[in-house]
Amino acid sequence: MPIDWSAIQRRWMDAWDEARIFESDPSTKDKYFITVAYPYPNSPQHIGHGRTYTLADVHARYMRMKGYNVLFPMGFHYTGTPILAMSRRIAEHDKELVETFVNIYGVKPEYIEYFKDPVNIARYFHAEIKEGMREMGYSIDWRREFTTIDPLYNRFITWQFKRLKDKGLISQGSHPVGWCPRDQSPVSQHDTLGDVEPEFIEYVLIKFMLDASSNNKSNNNSDDAKIMEGLILPAATLRAETVFGVTNLWLNPDAEYAIAVVDGKERWLVSMDAAERLTYLNRDVRIEHNIKGRELIGLRTRVPLINRYVPILPAVFVDPKNGTGIVMSVPAHAPYDYQALIDLKASINAGIDTHGYARVVYEEIMKIEPIVMIESEYSNAGVPASVVIKRYGISRQDDPRLEDATNELYSHEFYKGRLSSDPRIVMDYSSMGVKDAREKVRDDMLKRNLADTMLDLAKPVRCRCGTPCVVKILEDQWFINYSDKEWKRLAHQCLDSMQILPEEIRDEFVYVIDWLRERACARRSGLGTKLPWDENWIIESLSDSVIYMAYYIIAKYAKMLNPDSIDDRFFDYILLGVGDPSSIAESCKVSKDLIEQIREEFLYYYPVDSRHSGRDLVPNHLTFFIFNHVAIFPKELWPRQIVVNGSVLMDGKKMSKSLGNIIPLRKAIREYGSDAIRASLLISAELLQDADFTLDMLKSIREKVERLYNICIEYVGKVKSSGSIDHQWYNDRAHKREQEDIWLMSRLQHIIKETTDAMDRLRVREALNNLLYIMDRDMQWYMKRARSKGRSDDDIAYTILPFLDARVRMLSPFMPFICEEMWSILGGKGFVAMAEWPTIAPSMIDYTVEEGESLIMGVMEDVEKIIKVTTMKPSKITIYVAEGWKWELYLRILRIINEGITKYSDVMRMLVRGTSSGSGLGSDADGSDMVKYAKDNPDIVRKMMESILSTPPESRSSRAGIGVLDEVRVLNDAIPLLEKEYNCKVEVMVEDSLAKTKKKVALPYKPAIYLT
RNA sequence: GCGGGGGUUGCCUAGCCUGGUCAAAGGCGCGAGGCUUAGAACCUCGUCCCAUAGGGGUUCGUGGGUUCAAAUCCCACCCCCCGCACCA
């Protein structure tokens, strides 16, 4: 009968709500506090979000069934700038965004107007996400829900920041950001066109001094000379060490340059654009004159450090928007420079005078020869730039492959190159590796004021508004000082004491703790809490979400507290136990009892027992979470566990807008039902791996569970009895038990054990695998055995029902809705969500029966192999079981191997030594016979060893405990099955009657089989 | 570059810490048979190569090594993915 998944979902969702079973309050039971990173409500949830929350919910439900008082709450993170940016775009009628909202997110067009207010966007998606969580069956205590713009929460964050400041962990300073000059605000990846992350590079500005005397242009008036006097040309470079190879400077002849006083001291020539960019870097730039690049062509400058003179030459590739608009030319090592020089020379030789410069300029150009000053494989073959250009077959300045040639040469020289061994060229830097030389030259020149530095964007970036971005240095920025040594030590201490699942990710935490530096913790705009001591700043979103788990306790009481009268002393008492509750009660206008109650509740639930999130939060949120807890709370309230999971793929592909494979969660729920989605998300991979979500998988799970559901109905119908169906119920019918009944119950104990172990380590994939597939397989074997004997359905039900009972319980954390339904069909009391997790009954484990059943399976496997190879249709199958002496020998070898002696020669030696060995191993049986058996049958000894070694260790010890298995009895019990299966007569006997030559084939647990 | 994770039989993924259970679990896909008016679904079997008796051969990124025995331990190398910030 097909299942109406959505009706079942609705029914149990309502029932849970009504019974309020997920609301958790302090009790005498042990508590377990699970939290997940709360969502940022700027879009609806999709399948990918579901993994982390589902995992946490499965964890919560499991712990609840294990008897813990589980608190699993949820909040909503409104803090941040993306929502603000969205609302701005809506206000500007951004077509793309509006279409996304309406067509993809399903927002009604009439709502769009309200989205000009960022809070409305957050509220809308908040509601949407919450509904999705309820539909997914997450066992959340919704009384504790809050948002990060609730006034009381703001108070809480204010308190947090004051605590941090008191501890000296907040500092102020400057730091660079990507900046849009038009919007007057920082830009990060999602604020830029094409979502480009603004990347910074630091140029070294090498100060070339203009030789004013070289200005011998016709109108040599004194004004002009004055302007040029002492002028510095800062050439921007990333390769300071190549200063020794400079042959000239490049200026763009058509670009506008500025002569300006920088920081009130030096007079610099830089492009107009650079002059502006320098001001964002907080340089004081006062422009005195404008000048075209071409006016300076031909003048000489002095190279700092080496005091050589080189000319200024024209190059159109110089970009005034990049660096300073002044480039130093190192033709031996820079393919661009080399090619530009070749081109210039060629045009002069051809008599093409496109520039109209003075004759001396041309003469200067013709004189220039590259100066090779880095030695590497390339320099062995000539001028390195020339070598690489030839290899690429480049012949023009505008060839795009020049970029590749440049990268190749740069990286080769960086890793493998050394400066020239000739001190006449490179002074006392000779033979240094390029990497070291670069740093040293830079530092030396900075020290002697021969150079400066300048931050710039590595690649041009545009703001969403279209304006080109710049690097800006923000002054007075507030930081959380994560570089504090003592703080790091405590964070490590906390991490060491924590459980990290999976363990593999621990090293990453260790690294991040060490690597973290000062972190800007406030912004000028966005939703959130104001910085308590400087209201122009808003606390940034990754800083107001680090200890909020504690707030879930307070949130339950939020309605009873007036945020206006709550002050820091309230939080001091609730969270730290500091202060006098009576006076706090008075000043905060709260009853003392209430304050005490909240404090007690906090102490009951804290610390966090398990924090869940996706692995993307490891290098930020999760590590901040550790840091801030150790800063604020005493050791006994530090978090106990972090669980990290990988992401979700759709049909093996990353989810992305461009692939159009992002499935909204609620849509998926409507189409496939929550239970199947939950299981699909968790079954395809263990924690850290990316999980592959496929519809094929989902459908197959759903159908499997439908079958299980039908089996429940079928077998409950077969027995009239009601009440709870458990081990006791089964035991009461002991007289009915046959071998397969005992077997299935024994198997069940193992499965419970293994599944419980898997759940304890949150190996949910393994757990689901047991529940969905392994249990199915066992059930099928059982049915096959029982039916072949013609046992009645209600006979079978006696064994099947307790098995189903355990299966439904264990499956319920994964598929809660359908399991409630099956639970009620099976006659379970109350909700399965609140039922007990099954525990094993050791008395029901029967190794002899298990070995017996696997003997039957092994025989069937062998029969099938033989049939397959011989392609015969047997009319009779005869099974010959090993005779007594083989068992003696087998068990002897088994014991020897179980002692850890596994080498053939050693085992043989032990056997042959017989009783005289005195080791105790061979003293129980008739020693002399044993020696004879072993000596006469070395090949049998070898075979037995192989067979024992290829048996699972647990089975080896249980076989040793069992001793001689009555194989004839076991196999006789299976004759009905065998005869039915192979449709022929089956006979079982001991091998006595067998011809001597064939006797070698039968071994214990491996009977000889003959088909005729 | 720094740090982390990973390379397994058509695909996805277990196994590796604690060597023998491993030709290697499970799922998906594919093939055959059963069921069915037919199909879907379901059930059974098969799915590296060879084999008319339960066997043999070659496999777990590549190349070495340790061991009676290596997917698993050691060494070297190749390749792929993720993070490197002020942003949720």
Side-chain angles (χ1 to χ4, degrees), chain A residues 2 37 39-40 42 77 79-83 175-178 186-191 197 411 414-415 435 474 477 479-480 502-512 514-523 526 540-543 545 615-621 646-647 649 651-652 683-686 688-692 694 696-697 699-701 703-704 706-707 763 765-766 768-770 772-774 777 780 784 858-859 861-872 897 902-907 945-946 948-956 981 1001 1006-1011:
Chain A
Y40 184 66
N42 71 334
H77 198 198
T79 313
T81 50
I83 288 179
H175 94 293
V177 292
V187 285
S188 61
Q189 192 163 356
H190 43 254
D191 303 315
E197 178 75 38
S411 72
F414 182 70
Y415 295 115
K435 215 170 148 180
L474 288 180
Q477 173 69 50
F479 295 96
I480 297 184
E503 255 308 310
E504 290 100 297
I505 204 89
R506 183 185 291 276
D507 286 348
E508 209 166 317
F509 279 105
V510 171
Y511 178 77
V512 174
D514 286 332
W515 163 87
L516 234 38
R517 307 191 304 261
E518 289 78 9
R519 179 189 166 83
C521 61
R523 291 196 133 227
E540 170 275 337
S541 66
L542 283 182
S543 304
S545 57
R615 67 175 308 179
D616 51 329
L617 297 187
V618 171
N620 42 69
H621 166 75
S647 57
L649 305 175
D651 291 315
I683 203 172
S684 83
E686 286 297 355
L688 208 54
Q689 287 279 349
D690 288 348
D692 192 13
T694 63
D696 285 332
M697 189 70 217
K699 284 179 189 156
S700 116
I701 290 173
E703 273 140 17
K704 202 161 209 56
E706 273 183 27
R707 252 171 288 136
R763 294 184 52 100
R765 183 192 127 103
E766 189 182 332
L768 264 178
N769 198 47
N770 284 343
L772 250 24
Y773 301 110
I774 308 286
R777 204 176 56 191
Q780 268 161 26
K784 208 151 95 172
V859 165
E861 219 169 90
D862 283 347
V863 169
E864 273 144 31
K865 275 186 189 164
I866 296 166
I867 291 176
K868 197 190 159 199
V869 207
T870 58
T871 67
M872 65 193 284
I897 288 180
T902 54
K903 203 167 160 178
Y904 174 72
S905 51
D906 294 345
V907 172
M945 279 191 66
E946 275 171 17
I948 291 167
L949 284 173
S950 64
T951 304
E954 315 87 72
S955 187
R956 283 182 218 163
E981 203 72 9
V1001 185
K1006 186 85 176 165
I1009 297 163
Y1010 289 96
L1011 308 193

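Throughout, a chain's letter reflects where its sequence line sits, starting with A, and its residues are numbered from 1.
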Original post:
Considering only heavy atoms and no angle criterion, is a donor-acceptor pair shorter than 3.5 Å present between the side chain of A:Asn769 and the base of B:G26?
Top reply: no
Subject >> Rounded distance (Å) that lies between atom P of B:G26 and atom NZ of A:Lys704 >> reply: 11 Å
Subject >> Contact nearer the 5' end of RNA chain B, comparing A:Val177 with A:Leu649 >> reply: A:Leu649
Original post:
Between A:Asp616 (CG) and B:C84 (C1'), how many Å, whole number?
Top reply: 14 Å
Original post:
Should A:Arg763 be listed as having a side-chain N or O under 4.0 Å from OP1 or OP2 of B:G15?
Top reply: yes
Original post:
Can you check whether A:Thr81 has a side-chain N or O nearer than 4.0 Å to OP1 or OP2 of B:A88?
Top reply: yes
Original post:
Are any of A:Ser541's side-chain N or O atoms less than 4.0 Å away from OP1 or OP2 of B:A88?
Top reply: yes
Original post:
When we call it a touch if two heavy atoms are under 4.0 Å apart, what does A:Glu864 touch: a base, just sugar-phosphate, or nothing?
Top reply: nothing
Original post:
What does A:Ile867 touch in the nucleic acid at a heavy-atom separation under 4.0 angstrom: a base, only the sugar-phosphate, or nothing?
Top reply: nothing
Original post:
In whole angstrom, what separates A:Lys784's NZ from B:U44's C1'?
Top reply: 8 Å
Original post:
How do A:Glu954 and A:Glu703 order along RNA chain B: which one's closest nucleotide is nearer the 5' end?
Top reply: A:Glu954
Original post:
On a plain distance test, is the side chain of A:Asn620 in donor-acceptor contact with the base of B:A88 below 3.5 Å?
Top reply: yes
Subject >> Among B:G20, B:G3, B:C42, the nucleotide that comes nearest once only the side chain of A:Tyr511 is considered >> reply: B:G3
Subject >> Phosphate OP1/OP2 of B:A41 contacted by A:Arg707 side-chain N/O (<4.0 Å) >> reply: no
Original post:
Given B:C28, is OP1 or OP2 found less than 4.0 Å from the side-chain N or O atoms of A:Ser700?
Top reply: yes
Subject >> d(CG, A:Asp696; C1', B:C11) in whole Å >> reply: 12 Å
**OP:** Would you please confirm or rule out a distance under 4.0 Å between OP1 or OP2 of B:C81 and any side-chain N or O of A:Gln689?
**Re:** no
**OP:** Specify the separation, in whole Å, of atom CD1 of A:Ile683 and atom C1' of B:C12.
**Re:** 12 Å
Subject >> Any A:Arg777 side-chain N or O less than 4.0 Å from OP1/OP2 of B:G26 >> reply: yes
Original post:
Distance between the C1' atoms of B:U9 and B:U58, in whole angstroms?
Top reply: 12 Å
Subject >> Whole-Å gap separating P (B:G83) and CG (A:Leu542) >> reply: 15 Å
